[in-house]
> 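Have a look at this one.
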Amino acid sequence: MKAAVTLRAQLLAWYDQNARDLPWRVGPADRAAGVRADPYRVWLSEVMLQQTTVPHATPYFLKFTARWPTVSDLAAAPDEEVMAAWAGLGYYARARNLLACARAVANDHGGVFPDTEAGLLKLPGLGPYTAAAVAAIAFDRPANVVDGNVERVVSRLFAVEQPLPAAKPELKRLAAALVAEDRPGDWAQALMDLGATICRPKAPLCDRCPLADHCAAFATGTPDAWPRKTAKAARPRRHGVAYVLTRGDQVALVRRPPKGLLGGMLALPTSDWRSEPWSEAEAISAAPAPAAWRGVGEVEHVFTHFSLTLRLLRAEGDADGVIWSPRGDLEALPSVFLKAARAGLSNLL
DNA sequence: TAGTCGTGGCA
DNA sequence: TTGCCAAGACT
């Protein structure tokens with residue numbers, strides 16, 4: 001199809017001039033000169049970028065690659081160090097699967113990543129998107145790399161009326177017909193760069209888009225009306241208590257169970273999180289240890305599928321089965337508990 | 001298959 | 001303040 005040939009050439013030419021300079025990326029000029037991307041760095045960046053913005057993921061990528069330069073280095077790292085290094089990045093199952101994957105590559109594949117989409121898909125934490133992305137970007141396989149950017153670009157190109165998420169299979173079919181088999185890795189990155197910088201969710205920059213003359217949504221005059229989406233359910237609120245127990249300069253922490261919310265991460269001791277607020281008397285009765293507990297305010301935190309109000313109780317004392325950590329060294333905590341700990345420690349009501 | 005699983009920036 | 005969203009995977 002001639003239109004598809006032109007579209008591919010136009011987008012690749014745009015990418016050659018406008019590719020973002022990213023620390024894990026081999027740019028189009030270097031790629032044309034034969035430089036290969038390091039599969040470890042491609043994989044690590046792709047996992048970190050799942051549902052995560054480039055500015056948020058970038059410092060974590062630099063920290064991880066400086067500390068663990070190869071997949072075998074990462075495979076040899078203790079669980080607690082990797083979970084602590086991931087703290088603040090969210091979706092902590094990614095960190096658990098990251099380690100499982102690194103160890104599988106190190107132990108079962110001689111420290112070398114599989115070089116096919118099917119082989120990559122078998123590794124923990126690599127789903128359809130990430131397996132395709134690593135196959136294309138690291139190994140130049142003609143994989144159909146479809147993320148949220150690509151879904152948006154394709155839905156606009158063809159003005160797909162079916163709303164997301166139901167439209168995902170159709171958008172993937174449409175994307176598959178476009179894959180540039182001569183430069184698969186650059187094609188995947190070009191489509192994602194276009195989505196991230198030009199074909200943005202709001203206020204797309206169609207006057208700078210190399211594909212505008214192919215775009216059905218642009219032709220309607222309201223391209224930001226795509227992709228169509230089904231309405232989301234309201235976010236419920238939950239209530240809990242977090243206990244800030246100090247012993248001199250140390251704070252009592254616990255290790256959360258390996259699965260579920262914030263699984264495997266360090267945390268403040270907490271009550272259950274329920275739909276009804278906790279009274280101060282209830283909160284004290286549920287405390288992890290007897291002490292002179294006093295209320296020191298509350299913090300709000302928003303998770304993907306619920307909002308949390310965390311009442312803060314503070315006391316000086318002792319408890320069994322906790323991990324005493326210096327109060328100035330709380331970087332291993334997920335954001336919700338870092339926020340709660342800082343608020344509880346600064347609030348001397 | 002629909003629900004679960006974080007975070008921070010921004011309109 | 002609230003909702004939306006950003007390179008999804010897993011169960």
> Does a side-chain N-to-carboxylate-O contact under 4.0 Å join A:Arg36 and A:Asp30?
no
> Can you tell me how far P of C:dG8 sits from CG of A:Leu120, to the nearest Å?
17 Å
> I'd like to know if A:Arg141 pairs up with A:Asp115 as an ion pair, taking the criterion as any Lys NZ or Arg NE/NH1/NH2 lying under 4.0 Å from an Asp or Glu carboxylate oxygen.
yes
> Flag the pair A:Leu310 / A:Val241 as yes when at least one side-chain heavy-atom distance between them is below 4.5 Å, and no otherwise.
no
> Does a side-chain N or O of A:Lys229 approach OP1 or OP2 of C:dC5 to a distance below 4.0 Å, or not?
yes
> For DNA chain C, find the residues of residues 179-195 of chain A with a heavy-atom distance under 4.0 Å and give them by number; none if there aren't any.
A:Met192
> Nearest to the side chain of A:His305, which nucleotide is it out of B:dT4, C:dC4, B:dG6?
B:dT4
> Taking the side chain of A:Leu261 as its heavy atoms from C-beta onward, which of B:dG8, C:dC5, B:dG6 lies nearest to it?
B:dG6
> Centre-to-centre under 6.0 Å for A:Phe303 and A:His305, is that the case here?
no
> Answer with base, sugar-phosphate or nothing: what part of the nucleic acid does A:Trp24 contact at a heavy-atom distance below 4.0 Å?
base
> Any base atoms under 4.0 Å from A:Lys168, or only sugar-phosphate, or nothing? Heavy atoms, all strands.
nothing
> Answer with yes or no whether A:Thr304 presents, from its side chain, a donor or acceptor under 3.5 Å of a partner atom in the base of B:dG6.
yes
> If you compare every side-chain N and O of A:His301 against the phosphate oxygens of B:dG6 (OP1, OP2), does one of them come in below 4.0 Å?
no
> Report yes if a side-chain nitrogen or oxygen of A:Lys232 is closer than 4.0 Å to either non-bridging phosphate oxygen (OP1 or OP2) of C:dC5; otherwise report no.
yes
> Which heavy atom of A:Glu81 sits nearest to which heavy atom of A:Trp68, and what is that distance?
O-CH2, 4.0 Å
> At under 4.0 Å between heavy atoms, what does A:Ser45 touch on the DNA or RNA strands: base, sugar-phosphate, or nothing?
nothing
> Taking NZ from A:Lys202 and P from C:dG3, how many angstroms apart are they, rounded to a whole number?
13 Å
> Would you classify A:Val47 as touching base, sugar-phosphate or nothing, given that sugar-phosphate means primed atoms plus P, OP1 and OP2, and contacts are heavy atoms under 4.0 Å?
nothing
> Using atom P of each nucleotide, how far apart are C:dA9 and B:dG8 to the nearest Å?
22 Å
> Over how many whole Å does the gap from A:Glu300 atom CD to B:dT7 atom P extend?
15 Å
> To the nearest Å, how far apart are A:Leu262 CG and B:dG6 P?
5 Å
> Take A:Pro128 and A:Ala234, find for each the nucleotide of DNA chain C with the closest heavy atom, and name the residue whose nucleotide sits nearer the 5' end.
A:Ala234
> Would you kindly give the CD-to-C1' distance between A:Gln51 and B:dG8, to the nearest whole Å?
14 Å
> Compute whether any side-chain donor of one residue and acceptor of the other, for A:Thr304 and A:Tyr91, lie under 3.5 angstrom apart.
yes
> Side chains of A:Gln189 and A:Arg25 only: does a donor on one sit below 3.5 Å from an acceptor on the other?
yes
> Starting at the 5' end of DNA chain C and moving along, which residue's nearest nucleotide shows up first, A:Gly148 or A:Val302?
A:Val302
> Indicate yes or no: does A:Arg255 engage A:Glu80 in a salt bridge with an N to O separation below 4.0 Å.
no
> Just by distance, with hydrogens left out, do A:Gln50 and A:Tyr129 show a side-chain donor and acceptor under 3.5 Å apart?
no
> By a strict heavy-atom criterion of less than 4.0 Å, which residues belonging to residues 88-99 of chain A are in contact with DNA chain B?
A:Gly88, A:Leu89, A:Gly90, A:Tyr91, A:Tyr92
> In whole angstrom, what separates A:Leu123's CG from C:dA9's C1'?
13 Å
> Please list, by residue number, the residues of residues 52-59 of chain A whose heavy atoms come closer than 4.0 Å to an atom of DNA chain C; answer none if no residue qualifies.
A:Thr53, A:Val54
> Going by an N to O cut-off under 4.0 Å, is there a salt bridge joining A:Arg103 and A:Asp108?
no
> Round to a whole Å and report the spacing from CG of A:Leu164 to P of C:dC5.
10 Å
> Whole angstroms only, please: what is the CZ-C1' distance between A:Arg235 and C:dT2?
9 Å
> Does A:Ile137 reach a base, just sugar-phosphate, or nothing at all? Heavy atoms under 4.0 Å.
nothing
> Quick test of your reading of the model: are A:Lys339 and A:Glu300 salt-bridged, counting only N-O distances below 4.0 Å?
no
> Consider the side chain of A:Gln50, meaning its heavy atoms from C-beta on, and name the nucleotide among C:dC4, C:dA9, B:dT7 that approaches it most closely.
C:dA9
> Does the side chain of A:Thr309 come under 3.5 Å of the side chain of A:Glu298 through a donor N or O and an acceptor N or O?
no
> Assess whether a salt bridge exists between A:Arg247 and A:Asp318, defined as any Lys/Arg side-chain N lying under 4.0 Å from an Asp/Glu carboxylate O.
yes
